[in-house]
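Reminder, nothing fancy here: chain letters follow the sequence lines and each chain counts from 1.
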Number of protein chains: 2
Amino acid sequence: MLQSQELTDRIVARFDEMSPQLQKAARYILENGQEVALVSMRELARNARVQPATMTRLAQFLGLGGYEDIRAQYSQALRLQADGFAARAQAREADAPSGSGLAYGMLQMLSSQIARLQAPESLARLERVADRLAGAGRVYVLGLRSCHSVAWHFHYVMTLLGEKTVHLDGPAGTGVDGMRRAGPQDVMLVISVNPYARQTLELVGLAQDKGVGIVALTDSEVSPLARVAEEVVICATESETFFHTLTPALAVSEVLCGLLADRDRDRALRALQEADRHLQGLDTYASDIPTRRG
Amino acid sequence: MLQSQELTDRIVARFDEMSPQLQKAARYILENGQEVALVSMRELARNARVQPATMTRLAQFLGLGGYEDIRAQYSQALRLQADGFAARAQAREADAPSGSGLAYGMLQMLSSQIARLQAPESLARLERVADRLAGAGRVYVLGLRSCHSVAWHFHYVMTLLGEKTVHLDGPAGTGVDGMRRAGPQDVMLVISVNPYARQTLELVGLAQDKGVGIVALTDSEVSPLARVAEEVVICATESETFFHTLTPALAVSEVLCGLLADRDRDRALRALQEADRHLQGLDTYASDIPTRRG
DNA sequence: CTGACTTTGCAACATGTGTTTCAAATTCTT
DNA sequence: AAGAATTTGAAACACATGTTGCAAAGTCAG
């Protein structure tokens, strides 16, 4: 499969060999690449003042099957460009095996989804969420079912940073007990994506009743959480396999931790060093498989 | 003529008034704006799993003449976005404040780290790990401390897919009990990065003694796990803040789930449908904050 | 000037498009 | 539980699509 730049190069290289009508069509394509992706070939032909058949002949002259191949490459180029992810220069190799093709596609999509979080609006939201969490008395962290990992990880890192977060989770249904002392000076960070766990929504309702601020990581502007949260970060969940992805949400969670740590770097560093000493003292880490005796 | 942001705002504003199918179409358009410009409405409807008529109804519901009006606006937005791409990228890098700069840098690095997993060698390893796991009697999943999220999520998704994984985790130190019946036909998937938890390494040693196969997600070719595992996938952990990132490892975990599901798509689909019915039957999900009585 | 070859316009073709209409299915109200 | 209203799926419709094939037009060599 060709890149649109590669196709562009090929058009330029063979321009002299083309008949006048082919040259007319080729020039129009070179000068209006995004229109190739956005309008039909017949409309493009009209705009270029050539016959539709000329476009098909041009594609075949260039060694392609038909005009659809031209459009597909310009469409893909526009997708990559619109995503704003400069590092993804290489398109997928033709005929990759099914398994690797799936893995490749999943990774490409994940990378793109995380890159999209770099948009100015998204960055501004991340800042506002971090501000809100930094100013809270206590931060309650809630993520159920598939979102558990994101909530747990946020809480884990924040405890290493010496922050007072409360993870609303626990065995034998005790997780919600953590909300007992919550009040208006506190904030709940809730992570939930479609399909939304009823218990998550119920706990958010409870938090609202107690005057707790809500900030949310969710999948859409039309999520029920988006309606009640003061601040929302939208995390893509679309996936090329059967279930939604939580990788962008984890990325966002880690970025929030980073922003919070950044607000008091000295304190965060001290807390990490203390945690490190504590864990070293407990012999928590090792750098090799222990040799077993007996 | 509306801007696509204005149309987006209108969709969000009126979302609650929409029927379930209109909401499904609306959500898909919000999440896939550039596809609106790049593919036909019938193809978009197929991807969104709605009837073509639904797309037309949505447009009319929004006060537009027909779907073409939706497409025209998203096309125009894409034209504007593509035109300004290079200039906006440069402005962002020059002007971003410290906080957003940190967030931007973290996201850029994460996106790049995941993109690097698309290398052929990495894809080949993913295939081999998936093969090994697919052929196992039982899969034991181990990830402690910061790696807990990745292990838990893998286990969670695999249970949805109907697979027999055992998560070596549990309260009151009981997690290791799951290893009691492990044997040579089983495989352990271990996730650990520097600093490596001693208990992780001890359990890996125990698994080796029992003849259990080991596959590892870890951070380096020189990780202690890399020395003892049959297959290794290297996940970057480098971060622009104080602590290592687990986002690439979660991405890898999800890709492995996808590859395993791909090996028996029909079975995976049936398992997910059964899980869905089961959870629906338990009233696990909701689409709005419940109204509290009293 | 003529014949051969190439280029080009145009129409037919099979298929896809967005919209409309109708009836079945679902939901809501009484 | 029944009737009304709304939602939805599916098919038909008119039109647009990209491609193919044929013949007219144009160009070039002898």
Span of DNA chain C, from the first to the last nucleotide whose atoms fall under 4.0 Å of chain A heavy atoms = dT7(C) to dA12(C)
Give a yes/no on whether any side-chain N or O of Gln60(A) is located under 4.0 angstrom from OP1 or OP2 of dT19(D).
-> no
Atom CD of Glu43(B) to atom C1' of dT17(D): distance rounded to whole Å?
-> 14 Å
Would you call Asp186(A) and Lys210(A) a salt bridge, taking side-chain N to carboxylate O under 4.0 Å as the test?
-> no
Taking atom P of dA10(D) as reference, at what distance in whole Å does atom CE of Met55(B) sit?
-> 16 Å
Does Gln108(B) reach the side chain of Gln118(A), with side-chain heavy atoms less than 4.5 Å apart?
-> yes
Have a look at Ser40(B) and say if it touches a base, only the backbone sugar-phosphate, or nothing, with a 4.0 Å heavy-atom cut-off.
-> sugar-phosphate
Lys/Arg-Asp/Glu bridge criterion (N-O < 4.0 Å) met for Arg125(A), Glu221(A) = yes
Salt bridge present between Arg132(A) and Glu231(A) (N-O < 4.0 angstrom) | no
Ion pair check, Glu127(B) and Arg263(B), cut-off under 4.0 Å | yes
Checking all strands, does Gln23(B) fall into the base, sugar-phosphate, or nothing category for heavy-atom contacts under 4.0 angstrom?
-> nothing
Rounded distance in Å - CZ (Phe61(B)) to C1' (dT7(D)) | 13 Å
Residues Gln73(A) and Leu64(A): closest non-hydrogen pair is NE2-CD2, 4.2 Å
Whether over 12 other heavy atoms sit under 6.0 Å from Arg49(A) CZ = no
To the nearest Å, how far apart are Ile70(A) CD1 and dG18(D) C1'?
-> 12 Å
Could you give the CG-to-C1' distance, from Leu44(A) to dT17(D), as a whole number of Å?
-> 14 Å
Contact class for Gln51(B) vs. all strands (heavy atom < 4.0 Å): base, sugar-phosphate, or nothing?
-> base
Select from Ser19(B) and Arg42(B) the residue whose nearest nucleotide in DNA chain D is closer to the 5' end of that strand.
-> Ser19(B)
Toward the 5' end of DNA chain C, which comes first, Ala53(A) or Pro52(B), by nearest nucleotide?
-> Ala53(A)
